[in-house]
Amino acid sequence: MSEHTESYDPLKVSRFTYRQLQGLRQGSTATPLRVIAHIDLDAFYAQCEMVRLGTPRETPLAVRQWDSLIAINYAARPFGVSRLINVAEARKLCPDLVLQHVATFREGEGGRWAYRDDSFRSISTDKVSLDPYRAQSRKILQTMKEALATWGTDDTEVESHNPKQDLSAVLEKASIDEVFIDLSPLIYRALLQRYPELQMETQDENRDAQLPIPPITALQWDTDCLVDLDQHETEEDDPDWDDVVMLIGSEIVRSVRNAVWEKLSYTCSAGLGRNKMIAKLGSACNKPNLQTVVRNRGVQNFLNGYKFTQIRMLGGKLGDQITAAFGTEKVSELLNVPLEHLRTKLADDTASWLYGIIRGDDRTEVNPRTQIKSMLSAKSFRPSINSVDQAEKWLRIFAADIYGRLVEDGVLENRRRPKVITIHHRTAQFRSRQIPIPGSSAIDENLLYDLASTLLRQVVADGKAWPCSNLSLSVSSFEDGVSNNKAIEGFLIRGDQAKALNHSSRPRDTDDSPSEQASTEKRRKLDREGSKIKNFFGNSSHPEDTGADERDSPQEPAEMDPKLSGIPQFVCPRCSKSMIEYEKEEHDDWHFAKDLASQDREEAKASQPPPPTKSNARGTSARGRSGRGGGGRGKPEKGQMRLAFQ
DNA sequence: AGATGATAG
DNA sequence: AACTATCATCT
């Protein structure tokens with residue numbers, strides 16, 4: 001441990017090099033200066049209902065699905081309300097608990113979901129809809145993106161050193177309520193602005209030279225929760241750049257979280273670390289509404305406290321096998337097992353991956369993915385169903401559900417369409433059948449239904465279709481039929497589909513909204529972008545007047561104006577970023593620069609072991625019942641104790 | 001390409 | 001306990 005220095009000593013140098021600094025700009029997954037954030041909405045479904053219903057934060061609230069609870073807000077948790085108990089028990093523990101049932105589709109009600117007073121009694125006619133939550137998720141994601149895009153550009157009149165380079169954060173939607181963000185490019189930009197001495201003088205300077213030491217001796221961590229340092233580290237040591245980047249990262253994340261709160265009234269928790277694994281574990285450390293920073297100097301101490309089964313990919317059978325093979329689930333104990341020993345019990349790939357991961361080494365990329373890859377609509381049948389007739393009723397609902405989501409996710413605009421439709425069906429075992437979706441016709445509800453129905457008949461023809469305890473329909477293999485040069489044709493396709501949407505959907509039916517639907521305000525046409533969102537919920541997410549409404553205004557498809565609809569949209573085939581025509585050239589330049597940079601990256605990356613290959617899990621006692629017998633989380637079945645690796 | 005599993009939230 | 005989603009792996 002070095003002695004505490006009160007003043008900045010310009011003769012000291014950093015542990016880090018110019019090359020490692022450059023890694024930030026180039027998306028290197030190996031640089032120790034990388035900063036990844038994981039942001040997780042607090043009790044997401046519960047917050048959605050709190051926002052929709054306007055209940056105060058102190059009011060305990062739970063979201064119910066039939067007789068179970070699927071989300072419990074933080075106000076309710078001190079009462080002991082948890083996901084493991086049922087509605088009656090929850091009421092007993094917390095008499096003032098607000099219990100809101102999820103929205104549902106109902107048989108024979110036009111394929112529209114709604115919040116219904118009696119849905120908890122209607123498990124046999126209703127199907128859960130998560131659409132309201134998906135809609136909120138999209139808004140939150142959008143807000144985060146905007147916050148990231150404007151961070152550091154509003155207050156200071158900045159001129160970037162390389163105006164062509166767009167240094168923006170990569171954002172990966174990990175689930176409906178979680179995102180990963182690679183903050184490295186943004187932080188790189190901020191570093192150069194704040195510390196001009198970091199700039200390399202000339203091109204041919206030695207990139208492996210060490211950086212100057214940061215001109216600071218103490219960092220202000222504000223409201224962040226800091227993870228304790230490793231054994232041989234001390235807070236008295238002067239910070240190096242890996243500490244500084246975390247500090248900047250935490251500033252950015254704070255501003256993102258603040259934007260989500262200010263604009264949409266959602267709280268979230270965040271973790272910051274040098275990779276996805278660390279960030280993910282970190283975000284769960286201090287909930288709700290706090291952010292946790294894991295500095296490099298604290299990584300091992302941080303991980304030592306965990307069971308490795310809590311690390312991503314180790315929560316299932318692989319984790320069980322490892323536990324069995326080495327007789328421990330503690331990271332701290334597995335740390336004592338040398339790589340060679342790991343190799344004797346695990347496949348080489350898996351062993352190296354595991355060896356690295358428990359030491360905090362994870363070089364998984366943050367995948368710039370926002371778009372959904374498949375959509376599934378499913379229903380479990382309490383008493384099983386026994387006829388094609390019954391099944392087809394549900395297929396109608398599934399088709400309506402999926403079609404609505406296709407529209408809402410802007411599938412029509414982006415001319416993205418699924419290529420495959422699959423039916424899943426469970427009697428004794430699970431079975432599934434899939435067929436291509438003909439590329440010729442526009443996708444509408446009826447087409448989906450007809451295909452589903454065909455599949456169902458195939459399943460039935462295969463025999464042993466009844467009784468059926470679970471049925472679902474999914475679409476997948478989305479292809480983005482994008483091309484900037486076909487804007488006009490694209491428009492025509494859109495137009496057709498928009499009409500199809502208008503006419504083909506099932507009779508817009510009899511009397512309106514089943515029960516308590518929020519008032520309908522149907523204005524607001526083509527302004528989905530930066531509009532102040534006053535009405536968080538309700539209307540804008542209801543299929544009846546939603547997505548479609550916000551975007552394509554299906555009420556008046558004939559009047560669609562290609563210019564107003566922002567037609568000359570170009571979507572980069574490489575990164576799916578959408579932009580308008582004149583931005584394309586600059587964007588291509590950016591890719592070009594990035595490609596050059598990736599050479600560097602390859603060198604650095606060479607040593608990263610691949611993630612565990614699932615060459616295992618096979619071999620022994622094939623399938624068999626799901627063995628739900630033994631309580632506790634999935635303990636390995638007898639037949640599976642043997643490792644398939646060796 | 002189609003069917004099935006593993007994992008996770 | 002549902003219900004979604006994604007990825008990998010076998011055929």
Side-chain angles (χ1 to χ4, degrees), chain A residues 38 40-45 63-71 82-87 101-105 119-120 123 126-131 133-134 137 172-179 276 280 283-284 309-321 349-350 364 367 369 371-382 394 397-398 401-402 405 409 418-426 429-437 455 458-459 462 469-478 610-619 622-624 626 628 633-634 636 640 644:
Chain A
H38 180 258
D40 192 327
L41 276 292
D42 301 318
F44 181 53
Y45 292 179
V63 180
R64 83 185 278 191
Q65 177 176 290
W66 318 131
D67 196 36
S68 14
L69 305 181
I70 58 172
S82 86
R83 289 211 255 207
L84 305 174
I85 66 178
N86 65 26
V87 166
H101 199 280
V102 295
T104 60
F105 293 98
S119 46
F120 66 95
I123 189 167
D126 286 15
K127 147 158 181 48
V128 165
S129 170
L130 300 182
D131 276 2
Y133 310 136
R134 293 193 189 98
S137 179
E172 171 180 337
K173 178 171 184 171
S175 80
I176 195 167
D177 64 350
E178 292 172 79
V179 296
K276 286 169 81 172
K280 171 83 206 259
S283 68
T309 47
Q310 295 176 251
I311 295 175
R312 211 162 55 128
M313 312 223 56
L314 294 175
K317 302 196 173 188
L318 177 59
D320 291 339
Q321 289 174 335
D349 280 357
T350 311
T364 316
N367 192 342
R369 186 168 43 74
Q371 305 235 309
I372 203 93
K373 291 195 173 146
S374 68
M375 291 178 184
L376 177 145
S377 185
K379 173 79 181 172
S380 299
F381 305 112
R382 298 256 291 269
W394 290 104
I397 291 184
F398 297 162
D401 178 10
I402 289 173
R405 284 153 62 183
D409 273 5
K419 291 203 300 282
V420 177
I421 184 168
T422 309
I423 198 172
H424 311 259
H425 170 276
R426 167 141 100 171
Q429 310 126 29
F430 249 111
R431 322 213 89 221
S432 69
R433 311 248 0 190
Q434 60 183 164
I435 46 173
I437 298 174
L455 287 165
Q458 288 181 20
V459 168
D462 286 353
S469 62
N470 192 286
L471 189 64
S472 69
L473 186 69
S474 73
V475 295
S476 57
S477 298
F478 280 78
T613 66
K614 299 296 171 179
S615 51
N616 51 13
R618 140 130 277 87
R623 285 287 22 102
S626 41
R628 275 292 153 267
R633 58 149 300 92
Q640 291 180 325

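Within every chain, numbering begins at 1; the chains are lettered A, B, ... in the order of the sequence lines, protein sequences first and strands thereafter.
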Distance check, rounded to the nearest 0.5 Å: N470(A) atom CG versus H425(A) atom NE2? 9.0 Å
Say you draw a straight line from CG of L318(A) to OG1 of T309(A); how long is it, rounded to the nearest 0.5 Å? 11.0 Å
Please determine whether a side-chain nitrogen or oxygen atom of K379(A) lies at a distance below 4.0 Å from atom OP1 or OP2 of dA2(C). no
Given dA6(B), is OP1 or OP2 found less than 4.0 Å from the side-chain N or O atoms of K317(A)? yes
Take atom CD of E172(A) and atom P of dT6(C), then tell me their distance rounded to the nearest Å. 11 Å
Find the distance D40(A):CG to dA8(B):P and express it as a whole number of Å. 15 Å
Using whole Å, what does the distance between atom C1' of nucleotide dA1(B) and atom CG of L455(A) come to? 14 Å
Within the distance-only criterion (no hydrogens, no angle test), does the side chain of Q434(A) pair as donor or acceptor with the backbone N or O of T422(A) below 3.5 angstrom? no
Nucleotide dG9(B), atom P - distance to CE of M313(A) in whole Å: 11 Å
Rounding to a whole Å, what distance do you find between F120(A):CZ and dA2(C):C1'? 18 Å
Side chain of E178(A) - closest among dT7(B), dG9(B), dT4(B): dG9(B)
Classify the nucleic acid contact of L314(A) as base, sugar-phosphate or nothing, counting any heavy atom under 4.0 Å across all strands shown. sugar-phosphate
Among the candidates dA5(C), dA3(B), dC3(C), find the nucleotide nearest to the side-chain atoms of S374(A). dA5(C)
Hey, what do you get for CG (L471(A)) to CZ (R426(A)), rounding to the nearest 0.5 Å? 12.0 Å
Under 4.0 Å between any heavy atoms, over every strand shown, what does I70(A) touch: base, sugar-phosphate, or nothing? Just pick one. base
So R134(A), base contact, sugar-phosphate only, or nothing? Heavy-atom distance under 4.0 Å. sugar-phosphate
The residue, K373(A) or K127(A), whose nearest nucleotide of DNA chain C is more 5′ is K127(A)
Does dA5(C) have its OP1 or OP2 closer than 4.0 Å to a side-chain nitrogen or oxygen of S175(A)? no
Residues R134(A) and D131(A) bridged, charged N to O under 4.0 Å: yes
Base, sugar-phosphate, or nothing: which does R405(A) touch, judged by heavy atoms less than 4.0 Å apart? sugar-phosphate
Which is true for D177(A) with a 4.0 Å heavy-atom rule: it touches a base, it touches only sugar-phosphate, or it touches nothing? sugar-phosphate
ring-ring contact (aromatic ring centres under 6.0 Å, His included) partners for H38(A), two or more places apart: F180(A)
Return no unless some side-chain N or O of S380(A) is found under 4.0 Å from OP1 or OP2 of dC3(C). yes
Can you figure out which of dT4(C), dA2(C), dT7(B) approaches the side chain of L130(A) most closely? dT4(C)
Pick base, sugar-phosphate or nothing for S474(A), based on heavy-atom distances below 4.0 Å to the nucleic acid. nothing
Specify the residue among L376(A) and R382(A) whose closest nucleotide of DNA chain C lies further upstream toward the 5′ end. R382(A)
Between R83(A) and dA1(C), is there a contact of a side-chain N or O with OP1 or OP2 at under 4.0 Å? no
When the ring planes of W66(A) and H101(A) are compared, do they come out parallel, tilted or perpendicular, using 30° and 60° as the limits? tilted
Please state whether the phosphate of dG9(B), meaning OP1 or OP2, lies under 4.0 angstrom from any side-chain nitrogen or oxygen of K173(A). no
Classify the nucleic acid contact of K280(A) as base, sugar-phosphate or nothing, counting any heavy atom under 4.0 Å across all strands shown. sugar-phosphate
Regarding the side chain of I372(A), the nearest nucleotide among dA5(C), dC3(C), dA1(C) is dA5(C)
Whole-Å distance between dC3(C) P and L473(A) CG? 14 Å
From dT7(B), dT4(C), dA1(C), pick the nucleotide closest to the side chain of A378(A)? dT4(C)
If only side-chain N and O atoms of R433(A) are considered, is one of them under 4.0 Å from the OP1 or OP2 phosphate oxygen of dG2(B)? no
Nearest-Å distance for atom pair CG/P, residues D67(A) and dA1(C): 12 Å
Rounded to the nearest Å, what distance is computed from the CD atom of residue Q310(A) to the P atom of nucleotide dA8(B)? 11 Å
When we call it a touch if two heavy atoms are under 4.0 Å apart, what does Q429(A) touch: a base, just sugar-phosphate, or nothing? nothing
